Amino acid sequence: MTALTAAPIVDLARPRAGRWYRQPALVAGLALTGAILIMAIAAPLLTSYGPTTQDLTATLQGPSAHHLLGTDDLGRDTWTRLLYGARVDLRVAFLAVLIPFCLGTLLGCLAGYFGGWVDQVIMRLVDIVVAFPFYVLIIALVFVLGPGERSIYIAIAAVGWVSYARIIRGEILVAKRQEYVLAARSGGLPTRRIIGRHVLPNVITQAIVYALSVDMVQDILAIVTLGYLGLGIPPPAADWGSMIAAGQNFITTHWELSFIPGIAVVVTGLGLSLIGDGLADVLRPGQS
């Protein structure tokens, strides 16, 4: 009975794993995002300056051999702050996605599989959260909690879990009527094992695609917005949002101070979106 219920996972995973490299969107997204991650991780090797090191004798300089992208109004190297800003923003965005992903998946499993009052309670909570605009609610929560990484994690987790709960719930409502789930129930397998080993692996695909193509990009934009408003990562740490905010004071004379981190946000979002689109194509049933 156990072999019968596990078969759908094995049969679907094998052909999908071998065709990912034939998806141009996925390959391009992996290359683009991989390059950004490598530069962020290797930041100490790619620059000889510190992200907070000031040189008041070299303020607002243009690109040169010593400063590839110039300096800001405090003489800090823009290239260095861009790399370290990627480190901070990508790390925060990843953790900010991971927390609501796990929470929403758990609650979605409970709501979809058990139904009844459990489903009613969870979905009423979902209705309350989605009644407020995503960014407005996050900004309000961080404003109340105060600036910093901890506040960002709490705010995004409190708002972001609802999307995963709705996705997983909808998938489980369909999956729990499938023959392999009915067979597992008939075989007397415990509920925890049915959900964790036989149901969840078959329904989590859409949540993963959503996390990469939508939620990660959405969270990066939220983090940059909070940084721009002064509610994100506290200074003097490098952050793309605070770089854009600081550069707007010199937009007519040194437009690149805001333009460069803005382009970094766009390129990062593009890479993640391509990965999500490519994964959706690879994991779509019936595709070869």
Side-chain angles (χ1 to χ4, degrees), residues 85-173 195-196 199-200 203-235 237 239-242 244-245 265 268-269 272-273 275-276:
R87 269 187 162 191
V88 172
D89 289 344
L90 290 176
R91 184 190 74 244
V92 174
F94 175 77
L95 293 176
V97 167
L98 184 62
I99 297 171
F101 177 87
C102 296
L103 178 60
T105 298
L106 174 61
L107 295 177
C109 284
L110 297 177
Y113 191 83
F114 293 105
W117 67 269
V118 176
D119 184 36
Q120 290 295 322
V121 171
I122 293 175
M123 294 315 294
R124 294 298 76 79
L125 289 175
V126 169
D127 292 339
I128 292 172
V129 175
V130 298
F132 301 91
F134 178 81
Y135 291 110
V136 173
L137 190 53
I138 285 182
I139 292 172
L141 288 173
V142 174
F143 181 79
V144 172
L145 296 171
E149 285 191 37
R150 179 174 174 271
S151 299
I152 294 174
Y153 296 142
I154 294 174
I156 293 180
V159 179
W161 68 270
V162 297
S163 298
Y164 297 103
R166 295 171 78 177
I167 291 171
I168 295 297
R169 173 184 177 270
E171 294 288 326
I172 286 185
L173 287 175
I195 295 176
V199 177
L200 188 58
V203 303
I204 204 170
T205 298
Q206 291 301 321
I208 294 175
V209 171
Y210 175 83
L212 291 173
S213 62
V214 178
D215 201 29
M216 188 95 173
V217 177
Q218 189 171 250
D219 287 354
I220 289 176
L221 291 176
I223 294 166
V224 171
T225 300
L226 291 170
Y228 178 83
L229 296 175
L231 298 173
I233 309 301
D239 166 67
W240 287 344
S242 60
I244 295 173
V265 175
T268 303
L272 291 170
S273 297
I275 291 177

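Heavy-atom basis, side chains included; hydrogens, waters and symmetry copies ignored. In this text, all values refer to a predicted model and were calculated from it rather than measured experimentally.
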Worksheet item: So which heavy atom on V265 is nearest to which on I220, and how close?
Response: CG1-CG2, 4.4 Å
Worksheet item: Quick one: CD1 on I223 to CG on D89, what's the gap to the nearest 0.5 Å?
Response: 6.0 Å
Worksheet item: Can you tell if the side chain of S213 reaches within under 4.5 Å of the side chain of V217, non-hydrogen atoms only?
Response: no
Item to complete: Would you check if there is a donor-acceptor pair between the side chains of Y153 and E149 at a distance under 3.5 Å?
Response: yes
Item to complete: Calculate, to the nearest 0.5 Å, the distance between atoms CD1 and CD belonging to I156 and Q218 respectively.
Response: 9.0 Å
Worksheet item: Taking the side chain as C-beta and beyond, is there a heavy-atom pair between Y210 and V97 under 4.5 Å?
Response: no
Discussion item. Once rounded to the nearest 0.5 Å, what's the spacing between atom CZ of F132 and atom CG of L141?
Written reply: 10.0 Å
Practice prompt. Could you tell me whether the side chain of L110 reaches within less than 4.5 Å of the side chain of D119, counting heavy atoms only?
Written response: no
Worksheet item: Any side-chain heavy atom of R166 sitting closer than 4.5 Å to one from V130?
Response: yes
Worksheet item: For R91, does the CZ atom sit with more than 12 other heavy atoms under 6.0 Å from it, leaving out its own atoms?
Response: yes
Fill in: I154 side, atom CD1; I138 side, atom CD1 - distance, nearest 0.5 Å
12.5 Å
Worksheet, complete the sentence: To the nearest 0.5 Å, atom CZ of R169 lies from atom CE of M123 at 4.5 Å
Discussion item. How long is the straight-line distance from CD1 of I168 back to CG of L200, given to the nearest 0.5 Å?
Written reply: 6.0 Å
Practice prompt. Could you tell me whether the side chain of W161 reaches within less than 4.5 Å of the side chain of L106, counting heavy atoms only?
Written response: no
Worksheet item: Is it true that a side-chain atom of S151 and a backbone atom of V142 form a donor plus acceptor pair closer than 3.5 Å?
Response: no
Fill in: Minimum side-chain heavy-atom gap Y164-L103 below 4.5 Å
no
Fill in: Nearest non-hydrogen partners of V126 and A165, listed with the distance
CG2-CB, 4.5 Å
Worksheet item: Is the number of heavy atoms from other residues, nucleotides or ligands under 6.0 Å of Y135 OH greater than 12?
Response: yes
Worksheet item: With side chains defined as the heavy atoms from C-beta onward, is the minimum distance between T268 and W240 less than 4.5 Å?
Response: yes
Practice prompt. State, yes or no, whether a side-chain contact exists between F134 and D219 at a heavy-atom distance under 4.5 Å.
Written response: yes
Practice prompt. Write down the atom of P147, the atom of G230, and the distance for their closest heavy-atom approach.
Written response: CG-O, 4.0 Å
